[in-house]
**Q** 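Got a structure here, written out as structure tokens. Questions coming.
Within every chain, numbering begins at 1; the chains are lettered A, B, ... in the order of the sequence lines, protein sequences first and strands thereafter. Both backbone and side-chain heavy atoms feed into the values below; hydrogens, waters and symmetry mates do not.
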2 protein chains.
Amino acid sequence: MLELSYKSKTSIYAKDQSTKDILQRGFFGNASGSRLKLSVIEALYLMDVRNARCSGKTTEISFSNLASRFSKPRRFMARYLTYKDWRDRGLVVKDTKYRYSTTNKNPVKTYPSGKFSLAHYALHGTFFSSDLTTMIDEKEKGRELYDRYWFGQYGSYKAADRGQLNKLDIYETVFLMEKGALSVQNATKSAIVKAATARRRDFQKMYDVYRDWREKGYVIKTGFKFGTHFRVYFPGAKPITGADNGWTHSRHVIHVFPKDSRLLISEWARAIRVAHSVRKTFILAVPGSSSEKRLSPDFILYHRKGGEAENPENASPRYVMLSLGEEEHIGGREFAGAISEAKRMHLEPILAIADRETAVTYYKVRQIKLPGSDSDYYEIDWMQP
Amino acid sequence: MLELSYKSKTSIYAKDQSTKDILQRGFFGNASGSRLKLSVIEALYLMDVRNARCSGKTTEISFSNLASRFSKPRRFMARYLTYKDWRDRGLVVKDTKYRYSTTNKNPVKTYPSGKFSLAHYALHGTFFSSDLTTMIDEKEKGRELYDRYWFGQYGSYKAADRGQLNKLDIYETVFLMEKGALSVQNATKSAIVKAATARRRDFQKMYDVYRDWREKGYVIKTGFKFGTHFRVYFPGAKPITGADNGWTHSRHVIHVFPKDSRLLISEWARAIRVAHSVRKTFILAVPGSSSEKRLSPDFILYHRKGGEAENPENASPRYVMLSLGEEEHIGGREFAGAISEAKRMHLEPILAIADRETAVTYYKVRQIKLPGSDSDYYEIDWMQP
């Protein structure tokens, strides 16, 4: 029987030599003189799963009793459940005060760099504020704009011959006006931006992301079919290729998550889930270079190598985990802050989300570099540890 | 060449006999004396796709010119694009002023009716407001509550033997307190509801839906893994069955869409998309019996039978379409209003969403009856016309 002692909020420790030996072999606790000090999460785990007994000054303390003395901070149970899940997989987890050495360099993935270029156009369009759409009646030019640069939709989606108009969406409209290629007969650019902002308050942030990628040569179209804001094609993409029945497929989608926005974790995860179900790479865009909010990750994670669990004796930690609950909120600024903190720790960030029935979903976050951009972009992948 | 005439905002008509004959064979327009009157949407379609020419008093009118005279009302282009898509599929669509007769009865699907019952329990729990979770330390009772009634999660998800606690989510906590089966040592029911409402403002609406189904014997658990609020098991479900490796699978998920909430269509559709990708039946819950907002559907749709397109000469219309754009908003009250209107028209409601590049996605809406409930529930299915 594992025996633990609770003395005060800063001191839970293993009592006897036999308990200490077992726990140290399992990489629980930190030696502190002749004692083995445990964090409350470790103690709770040992009580819940390893049947440990925890005695207070006079009586035995239950799981809930011990937990409720520490549970003030946000995400306490999320922390417990994600710790438990990692441990239950036979893997080692330490709290972030644990000292480790690592040669891990946070991998940043660099995306190809292209350049936007456009032949000289002087297109004329009509703006429909009811639907934030611009119609170009000029058939040849409209068709060329679609075929060569993939702006707008000539005819209908996947049926460019079905109709004689090019329909630009709101992002394309504003972008082409900025480039001087389009004049709209019935609205100024600022009236158009105003109409768009009235429809969705985050329009400017959405547009910033659109422009950022378009200016680097990428083609950006709506991501509606994949449940995201945009889908992305690498520089040079055109609607029609020779291969695959002629239609070009995207492999990346972008969800825009402004720094000043907040989302329920369940909504945040929903966006990633759709992209994952259609096998697209999910890119989270956090536009702008403004401030971050500090959010410290919760645990240091050892993983496995060649099927063997790694531990503090044979390896360096690989990941750092941010523990979240399904009904928690996360802000863009906090998200960026947590990722920066992981970078400082030289560990790869993982978001672990405990749902309402204790199941934990893991997402690996990898920063990507879009050359020339000052916004933050991250690939987010579902992972099975 | 099809020749159309524009006289005023209430009068676009076909000019010559040849045009009239062609259009009437295609079920365009309504005869008005010797003229064939066209709606603006019909005229635009004929100009865009059938190369029709439209003359005004003195000069020819372009697509955009004609459209912009009518485009004030919300969703004008969405209406055009969804009309076009249905027509491009070789199917007939008429505007809602068109007189039809139908024997169609809106099918309402009745769900099985069960009854909630619970043995006498006097459980004790500890509430963790940091995570809106209640822990029950009482091992036997906690385990029984999970095994017999599927309240909470004993141990871990899909691993009930991994641990000794039953963890109730916030909905289960409040429900069991209401039933007198649970007392929470460190919080009153109203303090718990207050903490939940601080976390998510729609808590009460979420709970109303939870209770509505639970009281009819259904088992309701988190839908996080499927991107929705809840997943549902029919009355009598238990976590473990004999079949399929022992785990019980849900086939229904619920998304709560309160009457006073508004969602971007793209977000609304995202929720359905996840459910669809995991092959669950998506149920939209519009809790409460309060007022609706009138929202008139846009078109009457003929479909096909045995591969043949139906039309006003050989069939009754089957559907009524509400046309929406990706960046439009929809409110719970409006949604309920549009469905009621469809019911009055004796037609089945379809939501057609035109995305930013003219692709149209169709969702069929079918009201379901949960016996004893006064909330509205709808099955929403993606459809390919």
**Q** Output the distance between atom CZ (A:Arg270) and atom CZ (B:Arg270), rounded to the nearest 0.5 Å.
**A**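 Between A:Arg270 CZ and B:Arg270 CZ, I get 7.5 Å after rounding to 0.5 Å.
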**Q** Using a cut-off of under 4.5 Å on heavy-atom pairs, state which of A:Asn186, A:Thr228, A:Leu168, A:Ile353 scores highest against chain B.
**A**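 The option with the most such pairs is A:Ile353.
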**Q** May I ask you to say whether B:Asp131 pairs ionically with A:Arg75, meaning some side-chain N is under 4.0 Å from a carboxylate O?
**A**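 Salt bridge absent between B:Asp131 and A:Arg75.
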**Q** Looking only at heavy atoms and a cut-off of under 4.5 Å, which of B:Glu326, B:Gln185, B:Glu267 has the most pairs with chain A?
**A**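 The candidate making the most pairs under 4.5 Å is B:Glu326.
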**Q** Which atoms of A:Ala354 come close to chain B, meaning under 4.5 Å heavy atom to heavy atom: side chain ones, backbone ones, both, or neither?
**A**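 Nothing of A:Ala354, per the 4.5 Å heavy-atom cut-off to chain B.
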**Q** Considering only heavy atoms, which portion of B:Phe127 lies under 4.5 Å from any heavy atom of chain A: side chain, backbone, both, or neither?
**A**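 No part of it gets close to chain A.
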**Q** Before accepting this row, confirm whether a basic side-chain N of the pair A:Arg356/B:Glu172 lies closer than 4.0 Å to the acidic partner's carboxylate O.
**A**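 Salt bridge absent between A:Arg356 and B:Glu172.
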**Q** With only heavy atoms counted, which part of B:Phe128 is less than 4.5 Å from chain A, the side chain, the backbone, both or neither?
**A**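 Side chain of B:Phe128 only, per the 4.5 Å heavy-atom cut-off to chain A.
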**Q** Checking heavy atoms, do the side chain of B:Leu264, its backbone, both or neither come under 4.5 Å from chain A?
**A**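 Just its side chain gets close to chain A.
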**Q** Could you check if a side-chain atom of B:Glu328 sits within less than 4.5 angstrom of a side-chain atom of A:Arg199, using non-hydrogen atoms only?
**A**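 When only atoms from C-beta onward are counted, A:Arg199 and B:Glu328 do touch, with a gap below 4.5 Å.
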**Q** Does the ring of B:Phe224 carry A:Arg273 above it, NZ/CZ under 6.0 angstrom from centre and within 45° of its axis?
**A**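 Judged by the rule, A:Arg273 and B:Phe224 form a cation-pi pair.
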**Q** If I measure from the heavy atoms of chain B, does A:His229 come under 4.5 Å with its side chain, its backbone, both, or neither?
**A**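 Both parts, backbone and side chain.
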**Q** Do B:Thr361 and A:Lys225 pair up side chain to side chain, a donor and an acceptor below 3.5 Å, judged on atom types alone?
**A**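 Distance-only check fails for B:Thr361 and A:Lys225.
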**Q** Do the side chain of A:Thr358 and the main chain of B:Tyr157 share a donor and acceptor less than 3.5 angstrom apart?
**A**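 Side chain of A:Thr358 to backbone of B:Tyr157: a pair is present.
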**Q** Heavy-atom pairs under 4.5 Å with chain A: which of B:Ala196, B:Gly223, B:Ala271 has the most?
**A**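 That would be B:Ala271.
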**Q** Pick one of side chain, backbone, both or neither for B:Ala359, based on which atoms fall under 4.5 Å of a heavy atom in chain A.
**A**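 Both parts, backbone and side chain.
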**Q** Find the one option among A:Ser277, A:Ser156, A:Ser266 whose heavy-atom pairs under 4.5 Å with chain B are most numerous.
**A**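 Option with the top pair count is A:Ser156.
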**Q** With chain B, which of A:Ile265, A:Thr133, A:Leu132, A:Asp137 has the greatest number of heavy-atom pairs at distances under 4.5 Å?
**A**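 Ranked by heavy-atom pairs under 4.5 Å with chain B, first place is A:Asp137.
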**Q** Give a yes or no on this: more than 12 heavy atoms of other residues, nucleotides or ligands lie within 6.0 Å of atom CZ of B:Arg69.
**A**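 Count over threshold, so yes.
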**Q** Who among B:Gly325, B:Gly125, B:Ser62 has the most heavy-atom pairs with chain A under 4.5 Å?
**A**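 Of the candidates given, the most pairs with chain A belong to B:Ser62.
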**Q** Among B:Thr126, B:Leu81, B:Val274, B:Leu165, which residue forms the greatest number of heavy-atom pairs with chain A at distances under 4.5 Å?
**A**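 Of the candidates given, the most pairs with chain A belong to B:Leu165.
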**Q** State plainly whether the residues A:Arg231 and B:Glu357 are in salt-bridge range, i.e. N to O under 4.0 Å.
**A**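 A salt bridge is present here (some side-chain N lies under 4.0 Å from a carboxylate O).
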**Q** What residue in A:Asp88, A:Asn65, A:Val49 has the most heavy-atom pairs under 4.5 Å with chain B?
**A**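 Heavy-atom pairs under 4.5 Å are most numerous for A:Asp88.
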**Q** Would you indicate whether the side-chain heavy atoms of A:Arg162 and B:Lys84 approach each other to under 4.5 Å?
**A**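 Yes, their side chains come closer than 4.5 Å.
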**Q** Quick one: does any side-chain atom of A:Asp48 pair with a main-chain N or O of B:Gly163 as donor and acceptor, under 3.5 Å?
**A**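 Flag not set: sc A:Asp48 to bb B:Gly163 has no pair under 3.5 Å.
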**Q** Shorter than 4.5 Å, heavy atoms on both sides: which option in A:Thr222, A:Asn51, A:Ile136, A:Asp169 has the most such pairs with chain B?
**A**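 Most pairs with chain B among the choices: A:Thr222.
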**Q** In this structure, are over 12 heavy atoms from other groups packed under 6.0 Å from A:Arg89 atom CZ?
**A**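 Yes, CZ of A:Arg89 has more than 12 neighbouring heavy atoms, counting only those of other groups under 6.0 Å.
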**Q** Who wins among A:Glu327, A:Arg50, A:Arg200 for the most heavy-atom pairs under 4.5 Å with chain B?
**A**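 The residue among A:Glu327, A:Arg50, A:Arg200 with the greatest pair count is A:Glu327.
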**Q** Specify the closest pair of heavy atoms between A:Ser130 and B:Lys72, including all atoms of both residues, with the distance to one decimal.
**A**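 Closest approach of A:Ser130 to B:Lys72, heavy atoms only: CB-O, 4.2 Å.
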